[in-house]
Protein chains: 2
Amino acid sequence: MGTSHGSKPTLTSIARSLDLSIATVSNVYNHPERVSEGLQQRVLEAARKAGYPGPDAVARQFRRGKSDTLGVLFTDELSFALRDPASVSFLSGVASACEEAGLNLILVPAGPPLQTNRISSVSNAIVDGFIIYSVPDDDPHLQTALNRNLPSVVVDEPDSAPDTDWVGLDDQAATFELAAHLLAQGHRRIGVVTTRLGVSRYNGPATEERWLRARYAVQRNRILGLVNALAASGIPADELVVEERFDNSVEAGTAGLHALLDRRPDLTAICCLGDVLAIGALEGARQRGLSVPDDLTITGYDDVPEASRVGLTTIRQPLIEKGKIAGQMFLTREQGMPPRRRVLPTSLEVRRTSGPAPLQG
Amino acid sequence: MGTSHGSKPTLTSIARSLDLSIATVSNVYNHPERVSEGLQQRVLEAARKAGYPGPDAVARQFRRGKSDTLGVLFTDELSFALRDPASVSFLSGVASACEEAGLNLILVPAGPPLQTNRISSVSNAIVDGFIIYSVPDDDPHLQTALNRNLPSVVVDEPDSAPDTDWVGLDDQAATFELAAHLLAQGHRRIGVVTTRLGVSRYNGPATEERWLRARYAVQRNRILGLVNALAASGIPADELVVEERFDNSVEAGTAGLHALLDRRPDLTAICCLGDVLAIGALEGARQRGLSVPDDLTITGYDDVPEASRVGLTTIRQPLIEKGKIAGQMFLTREQGMPPRRRVLPTSLEVRRTSGPAPLQG
DNA sequence: CTGAAAGCGCTTACAG
DNA sequence: CTGAAAGCGCTTACAG
């Protein structure tokens, strides 16, 4: 294309070459109805010849004061978040809402810890607002995002962020329902595989003290729900064996199951606090020659697409819907509106990986 | 936070309140080493009090001329792309590369057709360059992106875009290998389930004429590879039965398998041109009471994570790696460099869903 | 170590 | 239907 003689074409250079005002050229792109047909054609033609791709995006948004872009803040490395089908389904819902509204979507990793006055990704992202997805309590990036004073909605965690909209689940109630199901099936010795409870890498048993102080509200509430249900049946909290894995991966689920069963071979049910972990646990059971659910019950959480295909008993949450709602909350937020709080329904999906507790050998 | 008396704080307002130049305040954020410790503290303190979140992102990037943001252009609705684990793995690789380089990632849907001089998402996105992911030949959004004269890399399709880097596979060679495997196992009557060959919604049989003209290079080349291999064994092209589905989903795979088998119950192998379709086809076989691979061989393409878990015979491509390479190509592109072309290796993964052709009944 | 000045490219009232 | 002018908030040489 006929670019390249001289400097980059701009609105100004096009206007000058046609002996028009820059306002008119701008109008051709922004308000074509204000410009006569003939002039429009002349301008577009000149632009084409000059290799002018239309108004510069940054300058435009600078002037207009908005970017038509929504930021999604992930706690984790992006590449990790994208390996978790639950996050991906959520994101897909956000994307639907964005597309309808003509918004672009920018993925912002919380990434490495902040330096005090260095400009981070979160500060640097050009967005009209944030969706903050599942971030630990007191995350510094969360603060940074909130400081920008843009309309934001928090998803899942932290469970109370001041002055922002929130959408998430009642995790305690949901796991209570799961526990009730397991108890009804005769399970008494239950193990839990959870993802990280703290921000630094740790894999191993999690004491009650540890999970009670977990910086991730979701995991904390899920375990709490389980414990409360057991307590209601007279099973003390320290009966619940919890194994923690930093990563949320299939491999972590397999490893978690082995760790649990090595420690307590008498467990009859393993509750994984995410489907990906559960799928890994299923593989672990296979490796040990245990048949599911006859020898061992395994459950998940989230109901990702693969869960139904492998027959996983799990707690369903409306992942895509959650993303759509988060997007909508952003779109409908208005100045001075009080923060909204939206609790989404969950349901227990009983499938093939859970069954009655085996009789004691 | 103590905002809200008067207008939004800016670099200028902070500078004025401290009786400093704006350059100094800017330096506190951008070049702290140029400012004395004491002054830094004073400025940061004043900023905190005023609720100033640091230099405005748009203004900053406007001035600097770069946005530290990479755009990924998807052909499809974003929400669809995110439902395809192959795209997601790819994206995850791109994200890795971006994170290392401190880039943000913006997801740009090609979305609805362009109006001539209206500003589209692609024009409006604030990015330093594009990764163009699997877009049909002659896509107008591709043109728009390329017109911006930003460093861009095309992934998979179209297979020849002028003046841009490209990364993808040798799809013909890859499917040739697959066909050779099937032929060796005695398969002669082979069906194909492909995703869309054109841009408008169509589900049904695809004639040779149709797939030869497919606007999606990937599908075209995969089918061509199959046909060539069959031809080499004396099986004419029109022996290959191709069923097309617009969506790339599990459901489409199931429907595709049924359509194929309703039409030609004597098929012994079904090649799905994507793993998600193959997973759906597996379900279809189950519904028909066919045992895989004894009654029917089913194969996929891509080797997404779930493929190995269900034992799917498939062609493996390095999805995450592909994303990383695309990101790296963008990062390492330099002015005046000739376009680079990177062909990634594929390999046939023989697993449990393929086997010898059943003897004729 | 700190400051005065230019200017990035555009859109938007407003006037004619 | 077209144009002159202001100004969005910042960073960067450059000078002192």
One thing to verify: whether A/E45 and A/R42 come together as a salt bridge, which I'm taking to mean a side-chain N less than 4.0 angstrom from a carboxylate O.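 No, no charged N to carboxylate O under 4.0 Å.
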
Between D/dG9, D/dT12, C/dC10, spot the one nearest the side chain of B/K8, thanks.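 Nearest to the side-chain atoms of B/K8, counting from C-beta on, is D/dG9.
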
To the side chain of B/N27, which of D/dT12, D/dC10, D/dT2 is closest?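 Of D/dT12, D/dC10, D/dT2, D/dT12 is nearest to the side chain of B/N27.
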
Whole-Å distance between [N] [atom2] and [X] [atom1]?
| X | N | atom1 | atom2 | value |
| --- | --- | --- | --- | --- |
| A/L39 | D/dG3 | CG | C1' | 12 Å |
| B/L11 | C/dG3 | CG | C1' | 13 Å |
| B/Q61 | C/dC10 | CD | P | 17 Å |
| A/E37 | D/dC1 | CD | P | 10 Å |
| A/L18 | D/dT2 | CG | P | 12 Å |
| B/I22 | D/dG7 | CD1 | C1' | 14 Å |
| A/R64 | C/dC10 | CZ | C1' | 11 Å |
| A/I126 | D/dC10 | CD1 | P | 13 Å |

For [N], take OP1 and OP2 only and decide whether either is under 4.0 Å from a side-chain N or O of [X].
| X | N | result |
| --- | --- | --- |
| B/T24 | C/dG3 | yes |
| A/T10 | C/dG9 | no |
| A/H31 | D/dC1 | no |
| B/Y29 | D/dT12 | no |
| B/R60 | D/dC10 | no |
| A/T12 | C/dG9 | no |

A correct dot-bracket answer for DNA chain D, with pairs being Watson-Crick or G-U at under 3.5 Å, [ ] for crossing pairs and | for inter-strand pairs, is |||.||||||||.|||

Any donor-acceptor pair under 3.5 Å linking the side chain of [X] with the backbone of [Y]?
| X | Y | result |
| --- | --- | --- |
| A/D165 | A/R340 | yes |
| A/R148 | A/S123 | yes |
| A/S17 | A/I14 | yes |
| B/S87 | B/R83 | no |
| B/S13 | B/T10 | yes |

A/V58 near the nucleic acid: base, sugar-phosphate alone, or nothing, with a heavy-atom cut-off under 4.0 Å?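 Nothing, no nucleic acid heavy atom in range.
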
Nearest-nucleotide wise, let me know which of B/R34 and B/D56 is further upstream toward the 5' end of DNA chain D.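 Counting from the 5' end, the first nearest nucleotide belongs to B/D56.
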
Which is more 5' along DNA chain C, the nucleotide nearest B/S36 or the one nearest A/A23? Just name the residue.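 Looking at DNA chain C, the more 5' nearest nucleotide goes with B/S36.
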
Pairwise 5' ranking along DNA chain C for B/D19 and B/R63, keeping only the more 5' one: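 Per heavy-atom nearest nucleotide, the more 5' residue is B/D19.
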
Could you tell me whether the side chains of A/Q61 and A/D68 share a donor-acceptor contact shorter than 3.5 Å?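 Per modelled atom types, A/Q61 and A/D68 side chains form no pair under 3.5 Å.
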
Tell me whether B/F62 is stacked on the nucleobase of D/dC10, counting only the six-membered base ring and applying the 5.5 Å and 30° thresholds.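 Per 5.5 Å and 30° rule: no stacking.
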
Value rounded to 0.5 Å, distance of CD in B/Q328 from CG in B/L331: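 These two atoms lie 6.5 Å from each other.
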
